[in-house]
Number of protein chains: 2
Amino acid sequence: MAANNPIAGLNKIFDNRIRLGVMSILMVNDAISFNDLKQMLEVTDGNLATHLQTLEEENFLKVHKGFVGRKTNTTYSVTRAGEKAFNEHIAALEKIIKGIK
Amino acid sequence: MAANNPIAGLNKIFDNRIRLGVMSILMVNDAISFNDLKQMLEVTDGNLATHLQTLEEENFLKVHKGFVGRKTNTTYSVTRAGEKAFNEHIAALEKIIKGIK
DNA sequence: TTGATTTACTTTGTAATTCAAAGTGCTTTT
DNA sequence: AAAAGCACTTTGAATTACAAAGTAAATCAA
């Protein structure tokens with residue numbers, strides 16, 4: 001194994017830009033709604049929903065189905081595992097970036 | 001358009017980890033051979049070849065088919081356009097990372 | 001000199017991924 | 001009552017990614 005392999009520490013889940021975006025938003029904002037994410041990332045709802053599902057299946061985020069009055073209000077936040085995995089991914093990215101400069 | 005869209009500045013070409021790895025290596029090393037890249041990134045040659053082709057078609061890198069003695073020695077290096085595009089991608093990544101911390 | 005190996009690929013075929021669009025069910029607004 | 005919004009799911013098509021096998025020219029090993 002090449003010890004200097006720059007991409008070895010990257011997480012495949014975060015190769016996708018939308019999932020990377022979702023995570024980066026949720027790392028600094030607690031409990032963001034589906035609609036907010038959709039607007040922030042400028043994606044279709046079907047597309048966003050599938051990526052959120054992927055992230056949820058990986059246990060990287062959790063869903064809170066709540067209500068505002070009688071209207072459903074779904075929010076998302078990162079799990080401990082998601083935080084850990086994302087930080088590791090970011091660390092790998094930083095290593096790549098540092099290698100360049 | 002959401003002005004705070006964190007993923008807007010990312011380049012689709014560099015979403016792929018192998019292409020990201022190739023570029024990050026070539027940004028700091030001039031004239032790296034096919035075999036060196038293959039070993040550094042731990043990929044199959046078919047896989048590497050197609051990603052190099054993609055990068056070449058985008059005009060992000062150029063190929064030098066040279067010789068060591070009478071043996072072929074192909075090396076790769078980034079183009080000006082590749083350098084620019086990659087730096088922009090890295091800048092977008094850094095912005096995402098900075099947003100997190 | 002014959003056979004194995006290396007380099008730098010290309011070709012092939014499959015599997016996975018990504019995405020938009022349309023549909024669903026519930027609620028709210030008009 | 002009708003239209004629109006929210007939070008999805010389903011569908012299907014297109015793109016992408018990948019390993020494995022094949023190729024051609026050269027080198028090295030016996």
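Just so we're on the same page: letters track the sequence lines, and every chain starts at 1.
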| Would Phe86(B) and Phe60(B) count as a close aromatic pair, with their ring centres under 6.0 Å? | no
| query | Just by modelled atom types, is the Arg19(A) backbone N or O under 3.5 Å from a matching donor or acceptor in the Asn16(A) side chain? | reply | yes
| request: Measure the shortest side-chain to side-chain distance between Met40(A) and Ile32(A) over non-hydrogen atoms and say whether it is less than 4.5 angstrom. | output: yes
| query | At under 4.0 Å between heavy atoms, what does Lys65(A) touch on the DNA or RNA strands: base, sugar-phosphate, or nothing? | reply | sugar-phosphate
| Polar contact flag, side-chain donor to acceptor under 3.5 angstrom, Thr74(B)-His64(B) | no
| task | Answer yes or no: is there a side-chain heavy-atom contact under 4.5 Å between Ile90(B) and Met27(B)? | result | no
| Taking NZ from Lys38(A) and P from dA21(C), how many angstroms apart are they, rounded to a whole number? | 13 Å
| query | Would one find a side-chain N or O of Gln53(B) under 4.0 angstrom from OP1 or OP2 of dT10(C)? | reply | yes
| note | With a 4.0 Å cut-off (strictly under) to non-hydrogen atoms of chain A, the first and last hit nts on DNA chain D, 5' to 3', are dC6(D) to dT9(D)
| note | Taking for Asn35(A) and for Asn47(B) the nucleotide of DNA chain D with the nearest heavy atom, the one nearer the 5' end belongs to Asn35(A)
| said: In terms of relative ring orientation, are Phe34(B) and Tyr76(B) parallel, tilted or perpendicular, with 30° and 60° separating the classes? | reply: tilted
| request: Pull out every residue in residues 11-30 of chain B that has a heavy atom closer than 4.0 Å to any atom of DNA chain C, ordered by number, or say none. | output: none
| Is the distance from OP1 or OP2 of dC19(C) to the nearest side-chain N or O of His51(A) less than 4.0 Å? | yes
| query | Does any N or O in the side chain of Thr79(B) come within less than 3.5 Å of the main-chain N or O of Asn59(B), such that one atom is a donor and the other an acceptor? | reply | yes
| request: Using a 4.0 Å heavy-atom cut-off across all strands, classify Asp45(A) as base, sugar-phosphate, or nothing. | output: base
| note | What one should report as the nearest heavy-atom pair of Lys38(A) and Val43(A) is CG-O, 3.2 Å
